[in-house]
*Asks:* 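Could you have a look at this structure, given as structure tokens, before my questions?
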Amino acid sequence: RTSNVMRVYFASTYSDFIDEFKEVYDKVFPKLDMLCQSMGYTFVPVVMRYGLDERLDLVYMNDARICPIVFREIAECRRISPRANFFAFMGDRYGAQFLPVTLDKNEYMAICGSLME
């Protein structure tokens with residue numbers, strides 16, 4: 001299926017790129033939008049963290065329920081725009097590492113067994 005939408009997920013650790021993302025949002029996105037329009041496409045940037053204050057960023061960063069939402073958004077970008085769908089800003093911070101939301105029964109039993117020792 002051919003789509004005329006360029007849906008691109010923009011990923012970054014928020015606190016490393018506050019100034020850079022403001023520039024991207026204010027200057028780059030409008031240019032990409034105009035370029036896409038000139039070629040018959042609609043540019044749809046997906047930026048889940050832009051505009052969050054520090055308190056909300058901490059909630060976002062420390063909530064394991066966010067990862068599945070992010071992966072669904074990336075999958076949707078890949079489905080709609082299979083050729084250009086992801087852009088990552090790489091910085092000094094690694095982001096969060098979550099405990100799993102679910103555990104396999106065998107993993108759970110192994111953890112419980114090691115606690116009993």
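On a predicted model such as this, the values are computed, not experimentally measured, just so you know.
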*Asks:* Using the test salt bridge (Lys or Arg N to Asp or Glu O under 4.0 Å), find all partners of Glu20 that sit at least two apart in sequence or belong to another chain.
*Replies:* none

*Asks:* Rounded to the nearest 0.5 Å, what separates atom CD1 in Ile69 from atom CD1 in Ile74?
*Replies:*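 So the gap between those two atoms works out to 12.0 Å.
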
*Asks:* Any carboxylate oxygen within less than 4.0 angstrom of a Lys/Arg side-chain nitrogen, looking at Arg78 and Glu73?
*Replies:*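 Looking at Glu73 together with Arg78, the answer is no, because their closest N to O distance does not fall below 4.0 Å.
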
*Asks:* Would you be so kind as to tabulate the donor-acceptor pairs closer than 3.5 Å made by side chains of residues 27-35, with sequence neighbours excluded?
*Replies:*
residue, atom, partner, partner atom, Å
Lys27, NZ, Glu23, OE1, 3.0
Asp33, OD1, Gln37, NE2, 3.4
Asp33, OD2, Gln37, NE2, 3.1

*Asks:* Could you pull out all residues at least two apart from Glu107 that satisfy salt bridge (Lys or Arg N to Asp or Glu O under 4.0 Å)?
*Replies:*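 Residues passing salt bridge (Lys or Arg N to Asp or Glu O under 4.0 Å) with Glu107: none at all.
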
*Asks:* Mind checking the CG-CD1 spacing from Asn106 to Ile111? Nearest 0.5 Å is all I need.
*Replies:*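 Interatomic distance, Asn106 CG to Ile111 CD1, rounded to 0.5 Å: 11.0 Å.
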
*Asks:* Over all heavy atoms of both residues, which pair between Met6 and Cys36 is shortest? Give the atoms and the distance, please.
*Replies:*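 For Met6 and Cys36, the tightest heavy-atom pair comes out as CG-SG, 3.9 Å.
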
*Asks:* Applying side-chain contact (heavy atoms from CB on, under 4.5 Å), can you list everything that pairs with Arg83, at least two apart in sequence or on another chain?
*Replies:*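 With neighbours one apart ignored, the set is empty.
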
*Asks:* side-chain contact (heavy atoms from CB on, under 4.5 Å), that's the test. Do Phe21 and Val47 meet it? Break it down for me.
*Replies:* CA-CA 10 Å; Phe21 237 95; Val47 183; 3.3 Å; yes

*Asks:* Any idea which heavy atoms bring Val5 and Ser81 closest together, and the distance?
*Replies:*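 Scanning both residues completely, I find the closest heavy atoms to be O-OG, 2.7 Å.
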
*Asks:* Looking at residues at least two apart in the chain, or sitting in another chain, which of them share a side-chain contact (heavy atoms from CB on, under 4.5 Å) with Phe87?
*Replies:* Val8, Phe10, Phe89

*Asks:* Evaluate Val46 against Cys77 for side-chain contact (heavy atoms from CB on, under 4.5 Å), listing each step before the verdict.
*Replies:* CA-CA 8 Å; Val46 178; Cys77 289; 3.8 Å; yes

